[in-house]
Amino acid sequence: MIYVDDVGYNDLACYSAKDPAIQTPNIDRMAEEGVRFTDWQSASSVCAPSRASLLTGRYPNRCGLPTVPNAIAHFGDNYQQNIGLQQSELTIPEILKPLGYSTAMYGKSHLGWDSKFYPLRHGFDEYYGSLGNFPIGGTHPVHEGDEVVKDSVRFQDIHLELTERTIEFMKKNHEKDKPFFIYLAHYLAHGPWDPNQQFTTEAEWEIYENQPIRGHLRDGGDKIYPALIRELDWHVGEVLKAIKDLEIDENTLVFFISDNGPWLPAGSAWPLKGSKYNTFEGGHRVPSIARWPGVIPPGQVSDAICSTMDIFPTIAHLSGSELPDDRKIDGLDITQILKGERLKTGHDILYYYNGITLEAVRKGNWKLHLPRTPESKVFWSRSNLGGFQRLDKPVLFDLGAEIGEQTDLADKYPEVVQRLLSHAQKAREELGDWNTIGKDQKRLLNYTGNINNPTRVIGVNPHLKDIENK
């Protein structure tokens with residue numbers, strides 16, 4: 001599982017990237033040799049909830065990580081102690097280990113800052129990486145297992161280590177004739193947008209060296225961004241080359257998926273509306289590619305409505321593991337779609353949560369954005385990157401006719417609005433909403449605050465002013 005960070009729907013050449021500086025020959029070849037999805041949905045438009053849903057196959061509200069664990073500055077120590085993926089959740093490595101699999105996570109965890117949320121608590125035999133994101137112009141500590149082994153590592157220096165450890169883990173287990181599961185969670189192409197010089201042009205490197213840092217972003221980050229995508233592509237190519245060299249191509253399923261939409265102004269979700277932090281398609285619809293020679297027919301392009309939550313039950317089926325019967329799994333087994341035997345998946349209904357707030361519901365191509373106020377929105381979406389700030393009535397879009405979510409059809413199709421509102425009410429009853437607790441909404445341990453309303457508001461970054469949808 002190659003899980004990449006903040007790579008938008010239009011950020012790869014095989015997804016018709018408009019920026020000619022974006023060149024992704026290795027990822028493109030992966031798509032040519034497998035299946036590329038055009039309607040793959042993340043369960044969240046921000047990092048941590050999407051990762052929790054990937055590992056558990058469940059909506060963030062159901063699996064207990066609907067927010068981000070790195071918001072201590074907003075909420076205080078009580079938040080750090082209680083916000084994370086709880087050990088009562090069942091993860092992909094935990095269903096594989098009884099079958100003899102070796103399991104490893106390399107890269108961004110984002111599953112919680114307290115040690116009880118660390119990767120080794122969730123079925124991984126090995127972990128190496130930084131728990132969260134890297135600061136612009138700074139460094140971050142790196143863990144080996146549960147322990148900090150390096151106090152200060154730069155963003156530029158972590159990527160090669162992740163690739164080398166991934167390849168070494170494959171070699172080690174192949175020599176032992178032991179099946180393996182690797183969760184390679186890249187920091188690319190999330191900010192700080194600090195490239196390695198060998199992947200930049202002279203012009204890009206000059207921009208990088210001379211642009212100032214303002215707040216959480218770097219001036220010119222959008223101009224440097226293609227170099228980060230090219231760097232990511234090189235690392236993907238190294239992993240695929242190692243699989244081929246080990247002669248395990250036909251026995252290795254590789255997924256490449258982004259966790260959520262782009263963090264503007266870097267990256268692009270064109271032709272979708274929106275980005276990271278909101279529930280427009282640009283925040284949730286992400287690049288997704290699967291490759292398995294001899295099993296997945298090459299050259300497929302699938303418009304099936306799939307979700308990152310589908311990875312859990314699909315791996316369970318392919319490995320021969322049984323799904324648990326003591327909890328709801330929201331993902332679906334998409335094995336037949338991967339093999340080209342079925343064109344559509346069973347995701348008839350999808351819920352778009354932003355934090356604990358239900359903001360939209362989709363049925364087929366109909367998508368309904370629900371009424372909201374600024375007070376109902378989670379803290380990270382209270383800016384012009386957060387989509388609708390206030391809606392007094394529902395807004396309806398037909399994604400089949402207009403993927404960019406521009407024309408409101410609510411008045412024209414009131415019966416569709418009512419059907420989707422009834423589905424929204426079912427979601428609230430089961431998974432909750434900003435002002436109600438769902439019957440299967442997981443409690444956030446002993447957290448005593450409100451994750452939508454921070455005790456300390458941090459100012460809006462100056463880069464977020466007047467950003468247009470890209």
Side-chain angles (χ1 to χ4, degrees), residues 3 7-10 12 14-16 31 34-45 49-50 53-54 56-60 62 255-261 269 271-274 278-290 296-297 300-315 317 328-354 358-370 395-405 409 413 416-417 419-420 422-424 426-427 430-431:
Y3 208 51
V7 174
Y9 192 75
N10 194 234
L12 303 174
C14 57
Y15 279 86
S16 304
V35 56
R36 177 174 65 86
F37 291 89
T38 62
D39 200 348
W40 189 280
Q41 298 285 332
S42 174
S44 175
S45 65
S50 72
S53 289
L54 163 70
T56 66
R58 288 148 59 84
Y59 278 106
R62 199 189 305 275
F255 285 102
F256 174 99
I257 305 174
S258 182
D259 63 345
N260 48 249
L272 309 175
K273 184 175 183 178
N278 62 59
T279 48
F280 289 123
E281 287 298 286
H284 282 253
R285 192 181 298 210
V286 294
S288 177
I289 299 167
I296 296 177
Q300 292 188 87
V301 178
S302 173
D303 64 354
I305 303 171
C306 297
S307 167
T308 301
M309 296 184 292
D310 298 340
I311 299 297
F312 181 103
T314 301
I315 288 179
H317 170 80
K328 169 71 173 178
I329 301 298
D330 296 296
L332 301 169
D333 175 13
I334 60 168
T335 300
Q336 288 182 303
I337 294 174
L338 295 175
K339 293 181 177 181
E341 298 171 355
R342 183 159 54 96
L343 297 179
K344 298 295 182 181
T345 184
H347 275 294
D348 189 40
I349 299 291
L350 281 175
Y351 305 125
Y352 294 68
Y353 275 88
N354 213 358
L358 180 63
E359 290 194 348
V361 178
R362 179 178 174 185
K363 180 177 175 60
N365 284 324
W366 292 112
K367 183 176 178 183
L368 189 73
H369 286 267
L370 303 169
V395 173
L396 179 68
F397 297 118
D398 180 359
L399 299 178
E402 186 185 51
I403 201 172
E405 295 176 277
L409 301 173
Y413 296 100
V416 176
V417 172
R419 284 203 304 270
L420 289 174
S422 67
H423 286 295
K426 292 177 182 177
E430 187 171 348
L431 298 174

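All values reported here derive from a predicted model rather than from experimental measurement. One-based numbering along the sequence shown.
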Between the main-chain N or O of [Y] and the side-chain N or O of [X], is there a donor-acceptor pair closer than 3.5 Å?
X: S53; Y: R58; result: yes
X: D259; Y: S50; result: no
X: S42; Y: H284; result: no
X: D348; Y: K363; result: no

Under a 4.5 Å cut-off applied to non-hydrogen side-chain atoms, are [X] and [Y] in contact?
X: V416; Y: L409; answer: no
X: L370; Y: V361; answer: yes
X: S45; Y: N354; answer: yes
X: Q41; Y: R285; answer: yes
X: L396; Y: L420; answer: yes
X: F37; Y: L338; answer: yes

To the nearest 0.5 Å, tell me how far [X] [atom1] sits from [Y] [atom2].
X: Y9; Y: S288; atom1: OH; atom2: OG; value: 10.5 Å
X: Y351; Y: L431; atom1: OH; atom2: CG; value: 7.0 Å
X: K339; Y: I296; atom1: NZ; atom2: CD1; value: 9.5 Å
X: I311; Y: T56; atom1: CD1; atom2: OG1; value: 12.0 Å
X: K367; Y: Y352; atom1: NZ; atom2: OH; value: 4.0 Å
X: K273; Y: E402; atom1: NZ; atom2: CD; value: 9.0 Å

For [X] and [Y], which heavy atoms make the closest approach, and how far apart are they?
X: G331; Y: D310; result: CA-OD1, 3.4 Å
X: V301; Y: T38; result: CG1-CG2, 3.6 Å
X: Y15; Y: N10; result: O-ND2, 3.2 Å
X: L358; Y: A427; result: CD2-CB, 3.9 Å
X: H347; Y: I305; result: CB-O, 3.5 Å
X: I334; Y: C306; result: CG2-SG, 4.1 Å

For the pair F397 and H369, name the ring-plane relationship: parallel under 30°, tilted 30 to 60°, perpendicular over 60°. perpendicular

For T308, enumerate each residue passing the side-chain hydrogen bond (donor to acceptor under 3.5 Å, both in side chains) test, keeping only those at least two apart in sequence or located in another chain.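 T308: side-chain hydrogen bond (donor to acceptor under 3.5 Å, both in side chains) contacts with W40.
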
Taking NZ, NE, NH1 and NH2 as the nitrogens, is one of them in E430 or K328 under 4.0 Å from a carboxylate oxygen of the other?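 Salt bridge: no.
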
Using a strict threshold of under 4.0 Å (side-chain N to carboxylate O), is an ion pair present between R362 and E281?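 The answer is yes: the pair qualifies as a salt bridge.
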
Is there a side-chain contact (heavy atoms from CB on, under 4.5 Å) between V7 and V286 once you walk through the steps? CA-CA 8 Å; V7 174; V286 294; over 6 Å; no

Ring pair (Phe, Tyr, Trp, His ring centres under 6.0 Å) involving F256 - partner list, sequence neighbours excluded: none

Check the pair I289, C14 against side-chain contact (heavy atoms from CB on, under 4.5 Å), reporting the backbone distance first and the verdict last. CA-CA 10 Å; I289 299 167; C14 57; 4.0 Å; yes

